[in-house]
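Below: the structure, in structure tokens.
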Amino acid sequence: MGLPHVAETLNWGHYLVYWAADREIGGKMFAMTDLDGTGAGVLMFHCGAERYHELLESDGVVPAPHLARAHWVMLERWDALRPREIEAELRRAHALTLEKLPQRTRTLLELVETERKRVIRDHRAARAGTGEKPAKSGAAAGRKKTATVKK
């Protein structure tokens, strides 16, 4: 949680999911932990294509179920990597995910914190109330989408 623009949610009953940017504004998950220990592992995280095969050579590190093709690994137990290695891998996962966020989301992250929190609050209220997407705000509000017609 000490990394910039990190949010956490509880998903799928017992997984604490860590997001690079709030999911309400287009954030992407970069790591998750199994809170009740009923899953096969204790921590899953994105590691990128380059690091994926290196990590799988470590005892106790396996492809993450349902997420392996997106280059996620799972630690079967906390001592599969040293604490400093886990911290470094989570920093790397966060950075990889943050750099691949859509431009719209990165633009929202550049807003001052109070404005960004207002946008997130508005998104949540719109989803909870009407189910409709909220109106665009900030830099995205001034742009119009144009349709392309194929001939």
Side-chain angles (χ1 to χ4, degrees), residues 1-39 41-55 61 63-75 78 80-150:
M1 291 299 297
L3 298 169
H5 308 297
V6 172
E8 63 181 16
T9 60
L10 186 63
N11 290 66
W12 308 293
H14 57 93
Y15 286 98
L16 189 57
V17 180
Y18 299 93
W19 300 82
D22 194 290
R23 71 188 274 185
E24 296 294 332
I25 61 168
K28 306 283 184 197
M29 60 184 190
F30 70 92
M32 67 177 90
T33 56
D34 181 4
L35 292 177
D36 68 2
T38 60
V42 295
L43 175 67
M44 290 180 266
F45 58 90
H46 175 61
C47 59
E50 300 81 27
R51 190 84 174 106
Y52 180 75
H53 294 288
E54 291 176 32
L55 285 169
V61 180
H66 312 292
L67 295 167
R69 67 178 168 202
H71 303 110
W72 279 59
V73 295
M74 177 176 68
L75 302 184
W78 286 111
L81 296 174
R82 292 187 302 258
R84 286 192 180 187
E85 289 175 307
I86 292 172
E87 184 177 328
E89 293 300 336
L90 291 175
R91 286 184 187 282
R92 185 177 295 114
H94 176 263
L96 285 170
T97 306
L98 204 57
E99 76 182 27
K100 292 193 177 197
L101 289 176
Q103 183 59 45
R104 174 185 59 86
T105 303
R106 288 195 306 250
T107 301
L108 288 171
L109 292 177
E110 293 172 5
L111 295 173
V112 293
E113 187 175 355
T114 54
E115 178 66 12
R116 186 173 58 249
K117 285 182 177 183
R118 186 194 61 76
V119 170
I120 292 168
R121 187 179 59 246
D122 291 350
H123 276 262
R124 286 190 178 130
R127 283 184 65 200
T130 63
E132 296 179 23
K133 290 187 175 183
K136 292 181 181 178
S137 63
R143 285 180 277 168
K144 292 183 180 178
K145 288 190 177 182
T146 56
T148 319
V149 179
K150 290 187 178 181

Inset, instruction - Evaluate the ring planes of His94 and Phe30, with Trp represented by its six-membered ring, and classify them as parallel (under 30°), tilted (30 to 60°) or perpendicular (over 60°). - result: perpendicular

Inset, instruction - Enter the distance from Glu115:CD to Glu110:CD here, rounded to the nearest 0.5 Å. - result: 13.5 Å

Legend entry - For Val119 against Leu108, the heavy-atom pair lying closest together: CG1-CD2, 4.1 Å

Inset, instruction - Calculate, to the nearest 0.5 Å, the distance between atoms CD and OG1 belonging to Gln103 and Thr105 respectively. - result: 9.0 Å

Inset, instruction - Calculate, to the nearest 0.5 Å, the distance between atoms CZ and NE2 belonging to Arg106 and His5 respectively. - result: 12.0 Å

Inset, instruction - Dump the intermediate steps for side chain to side chain contact (heavy atoms under 4.5 Å, CB included) on Trp19 and Val6, then the final yes or no. - result: CA-CA 5 Å; Trp19 300 82; Val6 172; over 6 Å; no

Legend entry - Under 3.5 Å donor-acceptor, Glu85 side chain and Arg82 backbone: yes

Legend entry - Tyr15 side chain near Asp34 side chain, heavy-atom distance below 4.5 Å: yes

Legend entry - Non-hydrogen atoms of Trp72 and Met32 that approach each other most closely: CZ3-CE, 4.1 Å

Inset, instruction - Output the distance between atom OG1 (Thr33) and atom CG (Leu75), rounded to the nearest 0.5 Å. - result: 11.0 Å

Inset, instruction - Before accepting this row, confirm whether a basic side-chain N of the pair Glu87/Arg91 lies closer than 4.0 Å to the acidic partner's carboxylate O. - result: yes

Inset, instruction - Determine the minimum heavy-atom distance between Gly26 and Leu101, stating which atoms define it. - result: O-CD2, 3.7 Å

Inset, instruction - Kindly indicate whether the side chain of Cys47, heavy atoms from C-beta on, has any atom under 4.5 Å from the side chain of Glu54. - result: no

Legend entry - Atom of Thr97, atom of Ala20 and distance for their closest heavy-atom approach: CG2-CB, 3.8 Å

Legend entry - Separation of Met29 CE from Tyr18 OH (nearest 0.5 Å): 13.5 Å

Legend entry - Taking every non-hydrogen atom, the tightest pair across Ala64 and Met44: CB-SD, 3.9 Å

Inset, instruction - Grab the two heavy atoms, one from Tyr52 and one from Ala68, that are nearest each other, plus how far apart they are. - result: OH-CB, 3.5 Å

Inset, instruction - Inspect the contact between Arg92 and Glu89 and indicate whether a charged nitrogen and a carboxylate oxygen are less than 4.0 angstrom apart. - result: yes

